[in-house]
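Down below is the structure, laid out as C-alpha cells.
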Number of protein chains: 2
Amino acid sequence: MPNGVLILFQGMPFTQHLIKPVAFFAAENRSFTMNATEPATLKTLAGELGLNVSTVSRIINAEPGTDSKWASPETIRRVHELASARGYTRNPHAASLRTSRSDLIGVIVPRLQDYVLATIYEGIDAAAETRGRMTVVANSLDDPTRQRSRTESLLARRVDGLIFGDAHIDSPFLDQLAARGVPLTLVSRRKAGHVSVTCDDVTGGRLAASHFLSTGRRRFAVIAGARYASTTVDRVAGFLDVLEEHGIGGSDVDVYYTGFDAPAGQRAVAELMAAPVRPEAVFAVNDFAAIGAIGALQKLGVVVPEDIAVVGYNDTPIAEAVSLTTVRSPMVEMGRLGFDKLLLLLDKEVVESERLPPELIVRSTA
Amino acid sequence: MPNGVLILFQGMPFTQHLIKPVAFFAAENRSFTMNATEPATLKTLAGELGLNVSTVSRIINAEPGTDSKWASPETIRRVHELASARGYTRNPHAASLRTSRSDLIGVIVPRLQDYVLATIYEGIDAAAETRGRMTVVANSLDDPTRQRSRTESLLARRVDGLIFGDAHIDSPFLDQLAARGVPLTLVSRRKAGHVSVTCDDVTGGRLAASHFLSTGRRRFAVIAGARYASTTVDRVAGFLDVLEEHGIGGSDVDVYYTGFDAPAGQRAVAELMAAPVRPEAVFAVNDFAAIGAIGALQKLGVVVPEDIAVVGYNDTPIAEAVSLTTVRSPMVEMGRLGFDKLLLLLDKEVVESERLPPELIVRSTA
DNA sequence: ACGTATGCCGCAAACGTATGCCTAATGGTG
DNA sequence: CACCATTAGGCATACGTTTGCGGCATACGT
C-alpha cells in the first residue's frame with residue numbers, strides 16, 4: 001500500500017455527507033484504518049490522538065485568539081490538524097442538547113413573496129451569518145391562526161428567539177408570547193411594549209404629502225394597506241398630518257384600505273375612479289400597490305403624473321424601472337438591526353426601539 | 001391552597017418558552033409540586049405517571065391511527081392527557097442526536113428577493129409543513145463560492161437533504177455533492193444527472209415565438225438571463241427553434257444575456273436600441289426584465305405593442321397589473337414536487353425528473 | 001396441569017457534546 | 001528541602017430521546 005495516498009470516497013451512504021476526502025497513513029507496522037464510514041466526532045478524534053474528548057472539545061471550542069491554558073501549543077496544533085483532515089464539524093444537535101441553546105433564530109413574516117419582507121429577511125440572515133447563527137423563516141400570511149401555529153412550531157424546534165415582521169398593532173399575541181419569556185424583536189412594523197426596528201413611517205408619509213403640496217396638488221387619495229399594520233397607520237397619519245397643517249382634510253382626501261400588492265392598487269383605482277370627484281394625487285403606501293394603480297389608471301386613459309400624480313413607498317428596484325417617485329425605506333438595515341437587537345436581548349441587555357429615516361426619491365410619476 | 005386552581009406563569013426565564021399554563025393538584029395529603037420552571041420532558045411525564053420513559057416515548061410517537069400494542073388504552077389516555085396539560089413538546093435536538101435524522105431540509109436559492117424563487121420556496125415550505133418537516137433557506141446569489149459555503153453550513157446543521165434552485169448547468173459542484181452521498185433535488189433549473197422539477201422551458205420559448213409569428217412579427221430580440229441557468233438556455237432554444245422552423249435566424253434575431261431583474265431589462269433595451277436595426281418584438285425570459293424593458297422603451301417614446309411587442313415569462317402578479325403578455329410557469333407546483341421527490345429520495349426510492357407545462361397568457365403587450 | 005401466546009411495560013445503552021472538578025508532573029520560591 | 005503555583009490534561013456526568021431486549025403477569029390451548 002502506498003504511503004500517504006489520497007483516497008476519494010464516492011457514493012457513500014447518505015448519512016455521511018460530512019466526510020471529506022481522507023488521507024490514510026500506513027507507516028511501518030502501524031496503520032490507522034479508521035472507520036471511514038462514520039463521521040468524525042470528538043471521540044474518534046480523541047481516540048486517534050490519544051487524548052480525552054474533553055480536551056479536544058476545549059481546544060476546538062476555544063476562541064482562536066485566546067491562548068488557551070488547556071493544552072500545549074503542540075497538542076492544539078495536532079488537534080486542529082486532525083480535525084480538518086477528518087473534516088470534523090460539531091454535531092449541533094448534541095451541542096444544543098447539552099447547552100440548551102440552538103443558535104437558531106426564528107423569523108416570521110407575512111409573506112416572502114413580498115419583496116419588502118424578502119429584503120428585510122435578507123438583512124436578518126446576513127447579520128445572522130456574521131454572528132454564526134442560522135435563521136429559519138416562516139410565512140404567517142398575516143393570519144392570526146397561522147401566526148400562532150408557526151410560532152409554536154418554531155419554538156418547538158427550540159429557536160433561541162424570534163423576529164416578527166408581521167406584528168399586528170391591535171393583537172395581544174406578542175404580549176402573551178413575551179409574558180411567556182420568549183425573547184423577540186419586531187421589524188418593519190412596531191407595536192407598543194416591544195423592541196422594534198422600523199422606518200420612521202410618519203415622516204415618510206409627511207414627505208409624500210409635502211411633495212404633493214409643493215407641486216400644487218389639492219385633492220388626494222391614499223392607497224393604504226391593512227389597518228392592523230403600523231406601517232399603514234403611521235404612513236397615513238403622517239400624510240394626513242401635513243395636509244391638516246395646510247388646512248386640507250375632510251372631503252379632500254380619501255383613504256382606501258385595500259392591501260400591499262399590485263392587485264390591491266388596481267382595486268383601489270377602481271374604487272376611487274368611481275367616486276364623484278377625482279383626486280389629483282395618489283399616495284400608495286407600497287410600490288407594488290402604486291404600480292398596480294398606475295397600470296389601472298393608464299388603462300383608463302389617465303395620464304401620470306399630469307392628470308394624477310402617484311407616489312409609492314419603499315423604493316424597490318421595480319420603482320426605479322418604471323420611474324416611480326417613492327419614499328425609500330432602509331429595508332436591509334431594518335433586518336440587520338432587528339437581528340442585532342435580538343442578540344443583545346438574548347444577552348440580557350436593555351435594548352431600545354429604533355426608527356430609521358426615510359428618504360424621498362423623486363422620479364417621474366410625481 | 002385551593003383545589004384545581006389554574007395558575008398562570010408570567011415573565012419566566014427565557015429558556016422556558018415552552019411551558020404552558022399548568023394546573024396544580026393538591027389533593028389530601030398528596031400534592032404534586034412539580035418543578036414548574038423546567039420544561040416538560042419524557043422523564044418528568046413518566047415520573048408523574050409512574051411509568052418508564054420508554055413507555056411514554058412509545059406512546060407519544062405512535063401513529064394516532066395504529067392501535068399500539070405497547071400500552072393499555074387507559075394508559076395511553078393518561079399519557080396524552082398529561083402531555084398536553086404540561087405542554088410537552090419533544091426536544092428535537094435530543095431526538096436528532098438519537099436518530100441522526102433532523103427532519104430539516106435545506107433549500108438554496110439564488111435570491112429570495114426574486115419573486116419567482118420566493119414563490120417556489122413557498123411551495124417547498126408548504127409541502128414540508130404537511131409532512132412535518134421544516135425547511136431552512138439560504139441565498140447563494142448564484143455565486144459559486146457562496147453556493148459551496150452555504151451548502152456546507154447547512155450540512156453542518158445536519159439537514160437530511162437539500163433542494164437547489166440555483167443549479168449551474170456547467171458546474172461540477174452538484175455532481176461532487178451527489179458523489180458524497182448528499183440527497184438532493186433541483187427546482188426551477190435542471191442539470192443532467194440530477195432529479196429536477198422544472199417548467200418545460202423549451203416549450204415556453206416556443207409559445208412566445210409562435211405568438212409573435214402569428215401576429216406578423218419578423219425581427220426579434222431576446223432578453224435572456226445568465227447563461228449558466230437552464231431556464232435561460234431552454235427558453236432561448238425553444239424560441240430560436242420555432243423561428244428557424246420558419247426560416248428566420250441569423251441577423252433577424254439578437255440575444256442579450258443581461259439578467260433576470262428589472263434593471264437587466266433596462267440595460268438590454270439600451271443595447272438593442274443602439275443597434276442599427278430595431279426588433280419588432282422582444283421576448284424576455286423573466287417578467288421583471290420585461291417590465292424593466294417596457295419602462296425603458298416607453299421612456300424612449302416607443303409604443304408597446306404597436307412599435308415593439310413584448311412577452312415576459314412566469315406570469316407574476318405584476319404582469320397582470322401592467323397587462324403584460326407572458327408565459328405562465330407553475331412556480332408553487334415546482335416547489336411542492338421538488339420537495340416530494342426529495343422525500344422519496346430519502347426513502348431510497350427511484351425518482352424521475354419532471355417538466356411541467358407552461359401556458360401562454362395573452363394580455364396587451366403582445 | 002403445563003406450555004405457550006399475548007398484553008403491558010421496564011431496563012439500559014447509546015447518540016455527541018460541554019463542563020465542573022480532579023490529578024500528576026513540573027518549575028519556581030523561600 | 002518544603003511548599004505552592006502553573007501547566008497539561010483526564011474523569012464523569014448530564015442533556016432528552018429512541019430502541020433492542022427482556023420480564024412478568026394473565027389468558028388460552030391441549
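As the structure is a prediction and not an experimental result, all values here were calculated from the model. Atoms considered below: every heavy atom in the structure, side chains included; atoms not considered: hydrogens, waters and symmetry mates.
- When the side-chain nitrogen and oxygen atoms of K43(B) are compared with OP1 and OP2 of dA14(D), none of them lie within a distance under 4.0 Å.
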Using nucleotides 9-11 of chain D, report all nitrogen or oxygen pairs with the protein that are shorter than 3.5 Å.
residue : atom : partner : partner atom : Å
dG9(D)  : OP1  : T75(A)  : OG1          : 2.8
dG9(D)  : OP2  : S72(A)  : N            : 3.0
dG9(D)  : OP2  : T75(A)  : OG1          : 3.3
dG10(D) : OP2  : N52(A)  : N            : 2.7
dG10(D) : OP2  : T55(A)  : OG1          : 2.7
dG10(D) : O6   : R58(A)  : NH2          : 2.6
dC11(D) : OP2  : N52(A)  : ND2          : 3.1
dC11(D) : N4   : S54(A)  : OG           : 2.9

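- Closest non-hydrogen pair, I59(A) versus A71(A), comes out as CD1-CB, 3.6 Å.
- Across all strands, T99(B) comes closer than 4.0 Å only to sugar-phosphate atoms, never to a base (heavy-atom distances).
- Taking 4.5 Å as the limit, some side-chain heavy atom of I105(A) sits within range of a side-chain heavy atom of L342(A).
- Between the CZ atom of R77(B) and the C1' atom of dC8(C) there is a distance of 17 Å, given to the nearest Å.
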Secondary-structure notation, DNA chain D, from Watson-Crick and G-U pairs under 3.5 angstrom (| other strand): ||||||||||||||||||||||||||||||
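- If you measure from atom NE2 of H93(B) to atom C1' of dT17(C), you get 13 Å, rounded to the nearest angstrom.
- In this entry the distance linking CG of N91(A) with P of dC15(D) reads 18 Å, nearest Å.
- The main-chain N or O of I163(A) is never found under 3.5 Å from a side-chain atom of T185(A) such that the two would form a donor-acceptor pair.
- Following rounding to the nearest Å, L42(A) (CG) and dA12(D) (C1') show an atom-to-atom distance of 16 Å.
- With hydrogens and angles disregarded, a donor-acceptor distance shorter than 3.5 Å links the side chain of R146(A) to the backbone of N139(A).
- Judged purely by atom type and a 3.5 angstrom limit, T44(B) has no side-chain atom pairing as donor or acceptor with the backbone of A40(B).
- Atoms CZ (R101(B)) and C1' (dG16(C)) sit 18 Å apart, rounded to a whole Å.
- Of the listed residues (N61(B), L51(B), T75(B)), just one forms a side-chain contact (heavy atoms from CB on, under 4.5 Å) with V56(B), and that residue is L51(B).
- Between R133(A) and D160(A), no side-chain nitrogen of the basic residue sits less than 4.0 Å from a carboxylate oxygen of the acidic one, so the salt-bridge criterion is not met.
- The distance between atom CZ of R157(A) and atom P of dG16(D), rounded to the nearest whole Å, is 18 Å.
- Between the T89(B) side chain and the A156(A) main chain, no donor and acceptor come within less than 3.5 Å of each other.
- Taking atom CG of residue L97(B) and atom P of nucleotide dT19(D), one finds them 12 Å apart after rounding to whole Å.
- Taking a 6.0 Å sphere around CD of E349(A), one finds it holds more than 12 heavy atoms contributed by other residues, nucleotides or ligands.
- In this structure, I60(B) places its CD1 atom 8 Å from P of dT17(D), rounding to the nearest Å.
- The residue T41(B) sits close only to the backbone: its heavy atoms come under 4.0 Å of sugar-phosphate atoms, none of a base.
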